[in-house]
Structure formats: C-alpha cells, structure tokens
Amino acid sequence: MPRQPVLFLSHGSPMLPLESGPATAFFAGLGGDIEARWGRPRAILCASAHWTTAAPRVSLAARPETIHDFYGFPESLYRLTYPAPGAPDVARDAAAALEAAGFTVGLDADYGLDHGAWMPLRMMWPGAKIPVAQIAIQPDLGPAHHIALGRARAALGDGNVLVIGSGGAVHNLRDLALRRQADSSSTPDWAEDFSAWLEAAVVAGDEAALADYRDRAPGAREAHPTDEHLLPLHFAFGAGGATPGRPLFRGYTGGSLSMAAFVFAA
C-alpha cells in the first residue's frame, strides 16, 4: 500500500480561507504537494483541537455536516461548506487499533467536520472528494496520553490514509485580541522562543520534552494558556512512529498566532 505522511497543521483563524497571504498560499499548494510526493490519500483521519471529549471518540458520519463552530465573523464565512464524504471504515479501524492498545473508544455517528478539519482541507483539496473522519482529543488527559493515542493509531499501519493533527503551535487568543486592539503585528519574544523550542524538539524526536513541554519550554504558559491546541501535535508525533519530524511552514498571523506546520514522513 502507498505510504502517506502524518501532518501537524496550525489552522489559524477561521478567516483564513477568505484571506490571502503566505499561510493561505501554503495550504493551497499543500494538497498538490502531498499527491506529487506520496500519492492521493484514499481517506483522511483528522485530530482537531475543536473536538474535545472526556475519552477518545471517532466520527462515523457517512455525510458529515460542516460545523461553523465560531461566532462574530462575517456572514460570508458561515456560507462556506465542505461536503466531503465521511470515512466510517477508517474511523472504525482507528477505534479498533486504539482498543487493542487498551483505550476505551466511543463511536459518534453524528459529529460532522469542525473548522479545525474542514478549514485547512477546503484549501488543500477544494473539490471535497477525499473521505474524512475525525478523532477527538482529551484536554484533561495531557500530552503523554495523546502521544500514546497517536502511537496506537500508527500500529494499525498506513493503508494510504493521511493522518492530520490540526491545532496551533502558538495559540493565545487573549494576546491576539490585545494586539489587534493595539493595531500591533509584532511577534512577542515568548512566541518566538516557544516556536524555536518546539521545532527543535520535533526535529530531534524528543518525546520526553514534548510530553513535559509545560515545564521545559520557554514561554509555554504564554504560548498555550490551555493545552487543547497543541495536543493534536502530540497525537501527530505519536502517529508518525519513529519517523523524525521536520518543518513545512513557519509564520504568524496577527503577530502571535503561529501557523507552523510539521510533517512526519520517511
């Protein structure tokens, strides 16, 4: 079977599909780049920061709805849809792999595609032809849990399924709002310091450091007041197995909202 990579994507603001800039251009070319190097995936499994549960769950919807899980944005954004088919077979396989590793996994027949999933995919594959399933994250269970969750998925093998963790390498919405009020696009030192540390840990494959990032990384408290937007990276790191990570994209929007992306692939 073809071998797909594992990706971590910082999905940024919901406005990204309506804007232009380096991050939008990166996403617009990413689907084609993946197909050119690894072939077209038969399906996608996405762990999004915006589906949070107490215990692992996977989505079984055959026709997942587009979830507009944000508020206060222009009406044109709420008219965007991503009518990709679901991938219940991929979700069930993932659930079986996780259960074999000792996890208790729930099945959700109703959950659609939240913006952590559909927003980057809409830019990567606007035709919405590739089936997509989601896997939830558990913010109360921490980074090590998500590395183990990803590793359990990796034990399933590839099967030409593209695995994506979608979150944010630096995600502090309060700081972002303050910078917008001040009309400042400068990137603070703590964001730069955390980003540099995170990239070095990913490239080094330093599992212990990533699992303990709150105590080890400079600027961790400012970069992530809460864990949920970094946990998809831990899932992707685990799902990448022993494959080293490397950066795909660097940059910020609004000064401090990181758009960093990583790939885990041979």
Side-chain angles (χ1 to χ4, degrees), residues 7-28 30-31 44-54 57-59 61 63-84 86 108 110-126 128 132-140 146 164-185 191 222-233 235-236 249 251-261:
L7 303 178
F8 170 73
L9 304 175
S10 295
H11 57 251
S13 163
M15 286 296 293
L16 194 64
L18 300 181
E19 298 173 343
S20 60
T24 306
F26 163 70
F27 279 116
L30 183 56
I44 296 166
L45 178 66
C46 180
S48 166
H50 293 279
W51 189 19
T52 62
T53 56
R57 294 183 71 82
V58 294
S59 64
R63 297 180 180 276
E65 66 172 332
T66 303
I67 303 173
H68 297 90
D69 50 339
F70 41 76
Y71 60 91
F73 290 92
E75 180 60 32
S76 56
L77 188 58
Y78 298 93
R79 291 196 292 267
L80 297 183
T81 61
Y82 193 69
D108 193 313
D110 299 320
Y111 195 78
L113 299 178
D114 60 51
H115 83 272
W118 70 258
M119 194 184 73
L121 292 177
R122 193 177 189 277
M123 292 181 281
M124 293 164 66
W125 283 288
V132 185
Q134 285 198 225
I135 181 168
I137 64 164
Q138 294 75 60
D140 291 340
H146 289 83
I164 297 175
S166 177
V170 174
H171 189 268
N172 184 328
L173 294 185
R174 183 175 183 275
D175 179 83
L176 186 67
L178 291 173
R179 288 179 186 281
R180 285 176 175 167
Q181 291 173 10
D183 196 25
S184 171
S185 60
E222 294 86 356
H224 289 281
T226 55
D227 281 338
E228 80 287 334
H229 269 75
L230 196 61
L231 295 176
L233 181 140
F235 174 80
F249 185 80
Y252 297 86
T253 61
S256 63
L257 187 63
S258 174
M259 297 302 301

Which pair of heavy atoms, one from P14 and one from P17, lies closest together, and at what distance? O-CD, 3.1 Å
4.5 Å side-chain heavy-atom contact, C46 and S166: yes
H171 meets the ring pair (Phe, Tyr, Trp, His ring centres under 6.0 Å) criterion, sequence neighbours left out, with H229
Kindly say whether F70 contributes a backbone atom to a donor-acceptor pair with the side chain of Y78 at under 3.5 angstrom? yes
So CE of M15 and CE of M119: to nearest 0.5 Å the spacing works out to 11.0 Å
Kindly determine whether W51 and D108 satisfy side-chain contact (heavy atoms from CB on, under 4.5 Å), including the steps that lead there. CA-CA 12 Å; W51 189 19; D108 193 313; 3.9 Å; yes
Can you give me the closest heavy-atom contact between P232 and A47, atom names plus distance? CB-O, 3.6 Å
With side chains defined as the heavy atoms from C-beta onward, is the minimum distance between T66 and L113 less than 4.5 Å? no
Is there side-chain contact between L45 and I164, with at least one heavy-atom pair below 4.5 Å? no
Measure the CG-CD distance between D140 and E228 for me, rounded to the nearest 0.5 Å. 10.5 Å
Give me the atom names and distance for the closest heavy-atom approach of F27 to L9. CE2-CD1, 3.9 Å
Tightest non-hydrogen contact, residues G167 and F8, listed as N-CE1, 3.8 Å
Within the side chain of N172, is there an N or O that forms a donor-acceptor pair under 3.5 Å with the backbone of E222? yes
Can you check whether I67 reaches Y111 side chain to side chain, under 4.5 Å on heavy atoms? yes
Nearest heavy-atom contact between L16 and A23 is CD1-CB, 4.2 Å
Sequence neighbours excluded and cut-off under 3.5 Å, please list the side-chain donor-acceptor pairs for residues 252-259, or say none.
unit_1, atom_1, unit_2, atom_2, d
Y252, OH, A191, O, 3.3
Y252, OH, S195, OG, 2.7
S256, OG, D175, OD2, 2.6
S258, OG, A260, N, 3.1

Walk me through it: do I137 and T52 pass the test side-chain contact (heavy atoms from CB on, under 4.5 Å)? CA-CA 5 Å; I137 64 164; T52 62; 3.9 Å; yes
As a quick check of understanding, evaluate side-chain contact (heavy atoms from CB on, under 4.5 Å) for T81 and W118, giving each step before the final call. CA-CA 8 Å; T81 61; W118 70 258; over 6 Å; no
Would you give the length of the straight line joining atom OG of S13 to atom CG of L173, rounded to the nearest 0.5 angstrom? 9.5 Å
Could I get the full list of side-chain contact (heavy atoms from CB on, under 4.5 Å) partners for S76, not counting sequence neighbours? L18, P74, R79
According to side-chain hydrogen bond (donor to acceptor under 3.5 Å, both in side chains), who are the partners of Q138, at least two apart in sequence or on a separate chain? T53, H145
For Q134 and D114, indicate whether the former's side chain and the latter's backbone hold a donor-acceptor pair under 3.5 Å. yes
Worked check of side-chain contact (heavy atoms from CB on, under 4.5 Å) between F249 and L30: CA-CA 10 Å; F249 185 80; L30 183 56; over 6 Å; no
Nearest-0.5 Å distance, CG of residue L121 to NE2 of residue H11: 11.5 Å
Minimum heavy-atom separation for T24 and M123, please, with both atom names. CG2-SD, 4.1 Å
Excluding sequence neighbours, so at least two apart, what forms side-chain contact (heavy atoms from CB on, under 4.5 Å) with R63? none
Which residues pass the side-chain contact (heavy atoms from CB on, under 4.5 Å) test with A61, sequence neighbours left out? P64
Has the side chain of S10 got a donor or acceptor atom that lies under 3.5 Å from a matching backbone atom of G12? no
Angle between ring planes, H50 versus H115, binned at 30° and 60°: parallel, tilted or perpendicular? tilted
